[in-house]
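Worksheet: one structure, shown below.
In what follows, every heavy atom counts, from backbone to side chain, and hydrogens, waters and symmetry copies are set aside.
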Amino acid sequence: MLTLTTDFGLGDHFVGVMKGVILRINPRARIVDLSHEVSAYDTGEAAFLLAQAYRYFPKKTVHVAVVDPGVGSARRPILVEAAGQYFVGPDNGVFSMILERENHTVRAITAERYFLKPVSNTFHGRDIFAPVGAHLSKGLAPAKLGKRIDDFLRPASHKPVRTARRGWTGAILKIDRFGNLITNFHVDDFPFIQSRPFEMQVGLRMVTRLVSHYAECGPGETFVIAGSSGYLEVSASQASAAKILGCGVGAPVELREF
Amino acid sequence: MLTLTTDFGLGDHFVGVMKGVILRINPRARIVDLSHEVSAYDTGEAAFLLAQAYRYFPKKTVHVAVVDPGVGSARRPILVEAAGQYFVGPDNGVFSMILERENHTVRAITAERYFLKPVSNTFHGRDIFAPVGAHLSKGLAPAKLGKRIDDFLRPASHKPVRTARRGWTGAILKIDRFGNLITNFHVDDFPFIQSRPFEMQVGLRMVTRLVSHYAECGPGETFVIAGSSGYLEVSASQASAAKILGCGVGAPVELREF
Amino acid sequence: MLTLTTDFGLGDHFVGVMKGVILRINPRARIVDLSHEVSAYDTGEAAFLLAQAYRYFPKKTVHVAVVDPGVGSARRPILVEAAGQYFVGPDNGVFSMILERENHTVRAITAERYFLKPVSNTFHGRDIFAPVGAHLSKGLAPAKLGKRIDDFLRPASHKPVRTARRGWTGAILKIDRFGNLITNFHVDDFPFIQSRPFEMQVGLRMVTRLVSHYAECGPGETFVIAGSSGYLEVSASQASAAKILGCGVGAPVELREF
């Protein structure tokens, strides 16, 4: 089993070529597209997607991530082992939310005999990450790919910061297709929200209502809901909260408890 | 064999997560994407897509449809058995065109032991529909999922209405990527169109020409053609009839015979 | 193994239906989407995509291409055998870049017993190309499909033309998702660019710098780079060269050596 996460879109030949490379090495590989619509060069968005998805896949799944603005430069290809699964991609933050959450081993991938030659300077998805992922999916031992390293890119924390006795500042992590604003407040870390009055400020709007499902409110009303990933989301019933509030990824979110 | 139809788009982790859930239950499942680009919350569009596609799939195929504005509310998850295939999704009209056309058995899905726990209130695609579909694809007997019901949502008719001795009022069911306007006039129900003069009014335009293939007319000319689904379509050669006529889904279509 | 390349998009039922047809004939077929986002009716774009991708697939792969503005008219369905692989689609130029590059045998597909009946006039992807591709993937001998022909559509050359002793006029073949302008100058045919001063004019801009990887320049700077397909590309670091230069597919590119 092998998943792909890239910013290649579906209009070019890049994704198809990676699949061809994988299937030539391992004709029995099961390939699942996580997403190829990651915004161009946005390693943070790729990190979020992977972190929401990996736990639903079987042990030994190989996740290949290619959002790689530094392709061809000195940044290293890495293999992360975590949660019984493998993560293959550039050392640029694409695995940061998994590294923050799981025990992990990181290797620099240096074993060129598993690469597609000649290795280009512009498409390591084809020449390095796809073939390495395919070999792993066939059972190659991680140690064959390169040595363990400790100087990989350390993840910045994705958690909200306490800014008052009963106040925290967080951020919008992601806006989904429906316009839901997914914050970095995890419901497990802020359980009071279920039982006590609160205020969540996003843009100019103060949201004070927590609902349990989307259809509970009238159309267009904004509310907070515990999303399927465990993060609090600011949503609107059958409408885009992102449009209503005029907010984007990275916008600050203030939470206050009463 | 298992197909997926959703309004999730391909930019989020939702579709990948559903596939992970399915493959963990049934690693040998063949998953085919029908479409994930259904307009958000548009159960009618999902109903149309499924109705055009199911008959081309093998017996016992499981079709999972997740266009589900009422997720988490009282609307029930259902299993429809029709045409030797299975249809799994919310009881909100997504299967209405199949129910109208085929003999069917409908069950309310209540057997929680096949769900992914804890069941969220916002992502039943992951927690109910994907795992239930996966178990069906492994051979689970439908009766294990829940009791037969009769009070499911009845489909509204999708057929044109006779409004004069030789006149009918129908509607645009769907606009495809090429801008073809797919009407609800089925060529089998209106055979005179092949041999007798007719007028089809869409928007402000009167179309009177029937052609047998797209390249028969000059660029930009509008005409009627029997589409690949059997419905009459208003089309233009290598141009978007939808743009030329300024019409959208649901717009009325008048057909008159002479 | 079977790949699909179409201009159907992912919002309609067309692609899903083709996959259903294929899997009913060959339930063990591995289907890979090359792209369904080819611009509507753009056989040149499909030709480019296929030519960049086929060599990465295993021998005997069947490539099905359906970009087919003439569907239902007199244009013939063809089977091309080249590079140990099969190419199935309309005789309208979709395989032109492969025919230009590889030794080939071309057959007109006439064996109606492998078609899905009744054959529509609007969806040969479903009725001819998908079933024929599926039968080939199961091992059907090409000769069973029809006779060899010589009067297929001859490809126009995709190569630059010499217009001065040290000057050539080429064109933009394709713009990828990142806004890179892929020219028809192949690095193997213009090796001097690696070692000697040159000017490449695209739109109003003169580009004189060759870099080896994208991150070598500051943001927004334009440069020439040998792309992963071997063609010279005009690119900008983490920005769209297409937007900066205001150029589209087909725009002329002048190369001068000093």
Side-chain angles (χ1 to χ4, degrees), chain B residues 1-5 7 9-10 15 28 30-39 42 45-61 63 85 174-180 182 187 211-217 219 225-231 233 235 237-240, chain C residues 2 4 6-33 35-43 66-76 90 92 116-131 134 177:
Chain B
M1 186 96 50
L2 203 146
T3 79
L4 300 179
T5 304
D7 61 352
L10 295 170
V15 173
R28 300 175 59 199
R30 297 291 311 257
I31 304 174
V32 172
D33 298 304
L34 272 192
S35 179
H36 300 291
E37 305 292 346
V38 173
S39 308
D42 194 334
E45 189 179 333
F48 177 82
L49 279 175
L50 279 161
Q52 304 327 304
Y54 73 97
R55 68 185 77 188
Y56 297 101
F57 284 85
K59 294 280 158 201
K60 301 270 178 195
T61 296
H63 302 278
Q85 308 192 25
K174 165 85 174 153
I175 295 172
D176 72 16
R177 191 200 188 194
F178 302 96
N180 299 311
I182 304 172
V187 71
V211 306
S212 68
H213 58 85
Y214 295 120
E216 206 176 314
C217 279
I225 189 167
S228 57
S229 305
Y231 293 106
E233 301 179 10
S235 302
S237 189
Q238 295 202 33
S240 165
Chain C
L2 202 147
L4 299 179
T6 77
D7 60 353
F8 291 160
L10 294 171
D12 295 313
H13 57 283
F14 306 132
V15 173
V17 163
M18 284 181 65
K19 291 182 180 173
V21 169
I22 290 164
L23 293 169
R24 212 151 64 166
I25 293 169
N26 182 5
R28 300 175 59 198
R30 296 293 310 256
I31 305 174
V32 173
D33 298 304
S35 179
H36 300 290
E37 305 292 347
V38 173
S39 309
Y41 322 118
D42 193 334
T43 54
V66 192
V67 177
D68 195 10
V71 58
S73 71
R75 70 94 193 88
R76 292 181 295 190
N92 64 8
L116 196 69
K117 307 242 196 47
V119 173
S120 71
N121 275 329
T122 55
F123 194 5
H124 285 187
R126 176 189 70 191
D127 302 332
I128 298 180
F129 302 121
R177 190 198 188 196

Under 4.5 Å from any heavy atom of chain C, what part of [X] do you find: side chain, backbone, both or neither?
| X | answer |
| --- | --- |
| B:Ala51 | neither |
| B:Tyr54 | neither |
| B:Val32 | side chain |
| B:Ser212 | both |

In terms of the angle between their ring planes, are B:Phe178 and C:Phe14 parallel, tilted or perpendicular, with boundaries placed at 30° and 60°?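 Geometry flag for C:Phe14 against B:Phe178: tilted rings.
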
For [X] and [Y], which heavy atoms make the closest approach, and how far apart are they?
| X | Y | value |
| --- | --- | --- |
| B:Arg30 | C:Arg30 | NH2-CA, 4.4 Å |
| C:Gly11 | B:Glu37 | CA-CB, 3.7 Å |
| C:Pro69 | B:Gln238 | CB-NE2, 3.4 Å |

Is chain B contacted by the side chain of [X], its backbone, both, or neither, given a heavy-atom distance below 4.5 Å?
| X | value |
| --- | --- |
| C:Val17 | both |
| C:Asp127 | neither |
| C:Ala130 | neither |

Does the side chain of C:Asp12 reach to within under 4.5 Å of the side chain of B:Gln52, using non-hydrogen atoms?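 No. Closest side-chain heavy atoms not under 4.5 Å.
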
Side chain to side chain contact (heavy atoms under 4.5 Å, CB included) between B:Asp176 and C:Phe8, intermediate numbers included: CA-CA 9 Å; B:Asp176 72 16; C:Phe8 291 160; over 6 Å; no

Flag the pair C:Lys19 and B:Asp33 as a salt bridge only when some basic side-chain nitrogen lies within less than 4.0 angstrom of an acidic carboxylate oxygen.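 Salt bridge flag = no for B:Asp33 with C:Lys19.
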
